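What you are looking at is a predicted structure, and each value in this text was computed from that prediction instead of being measured. Below, chains carry the letters A, B, ... as their sequence lines are ordered, and counting in each starts from 1.
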Amino acid sequence: MPKEYCEKQTISFREKVYKAVKKIPKGKVMTYGQVARVIGSPRAFRAVGNALDSNPDIEHVPCHRVVKSDGNPGGYRYGTKKKLSLLKREEVVIKDRRVVI
DNA sequence: GTCGTGACTAGCC
DNA sequence: CGGCTAGCCACGA
């Protein structure tokens, strides 16, 4: 069940995540670990997924550009299939249902 | 204040 | 090489 978007709820670590994801250039993808590392918590890749789970700026934060370290789509609130479709629609190279970083 | 969950990663067997 | 376990961070109840 949707826990609704908590835009006004506590945000601190998440804010960094959104910022980092927003900085992802078009046609490129980043891994959860990479994002976590960029924000200063290389071991918070778990929280990264958590933050994107309540992505308040789904339209501004290209969470679909965030994939697993293996290039696997990982997960997507709106369907992993859609994620790959979106990536393919961009300039991201998809190979065998996996993202090429 | 404590436990459980989640879109993960790395190490170990 | 392949599968599994443990660990990690943040948030909700």
State which of [options] makes the closest approach to the side chain of [X].
| X | options | result |
| --- | --- | --- |
| Ala47(A) | dC11(C), dT9(B), dC9(C) | dC9(C) |
| Phe45(A) | dA7(B), dA10(C), dG7(C) | dG7(C) |
| Asn50(A) | dA7(B), dT9(B), dG6(B) | dG6(B) |
| Ser69(A) | dA7(B), dG7(C), dA10(B) | dA10(B) |

What is the separation between atom [atom1] on [X] and atom [atom2] on [N], rounded to the nearest whole Å?
| X | N | atom1 | atom2 | value |
| --- | --- | --- | --- | --- |
| Lys68(A) | dA10(B) | NZ | P | 11 Å |
| Asn55(A) | dA10(C) | CG | P | 18 Å |
| Ile58(A) | dA7(B) | CD1 | P | 14 Å |
| Arg14(A) | dC11(C) | CZ | P | 6 Å |
| Tyr18(A) | dA7(B) | OH | C1' | 12 Å |
| Arg43(A) | dA6(C) | CZ | P | 20 Å |
| Tyr32(A) | dA10(B) | OH | P | 14 Å |
| Tyr76(A) | dA7(B) | OH | C1' | 11 Å |

Watson-Crick or G-U wobble mate for dC3(B), both contacts under 3.5 Å: dG12(C)
Donor-acceptor pair under 3.5 Å, Asp53(A) side chain vs dG6(B) base: no
Enclosure of Lys81(A) NZ (heavy-atom neighbours >12, cutoff 6.0 Å):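 No, because the 6.0 Å sphere around NZ of Lys81(A) holds 12 heavy atoms or fewer from other groups.
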Donor-acceptor pair, side chain of Lys83(A) and main chain of Val66(A), under 3.5 angstrom: yes
Polar side-chain atom of Lys95(A) near backbone of Val100(A) as donor-acceptor pair, under 3.5 Å: no
Sugar-phosphate only, base, or nothing, as touched by Ala44(A) at under 4.0 Å among non-hydrogen atoms: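 Result for Ala44(A) = sugar-phosphate.
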Touch class at under 4.0 angstrom, heavy-atom based, for Ser41(A) against every strand present: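 No contact.
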Hydrophobic cluster membership, Phe13(A) vs Tyr18(A), 4.5 Å side-chain cutoff: yes
Test applied, salt bridge (charged side-chain N to carboxylate O under 4.0 Å, His left out); reference residue, Glu90(A); option that passes from Lys26(A), Arg65(A), Lys28(A):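 Considering Lys26(A), Arg65(A), Lys28(A), a salt bridge (charged side-chain N to carboxylate O under 4.0 Å, His left out) with Glu90(A) is found only for Arg65(A).
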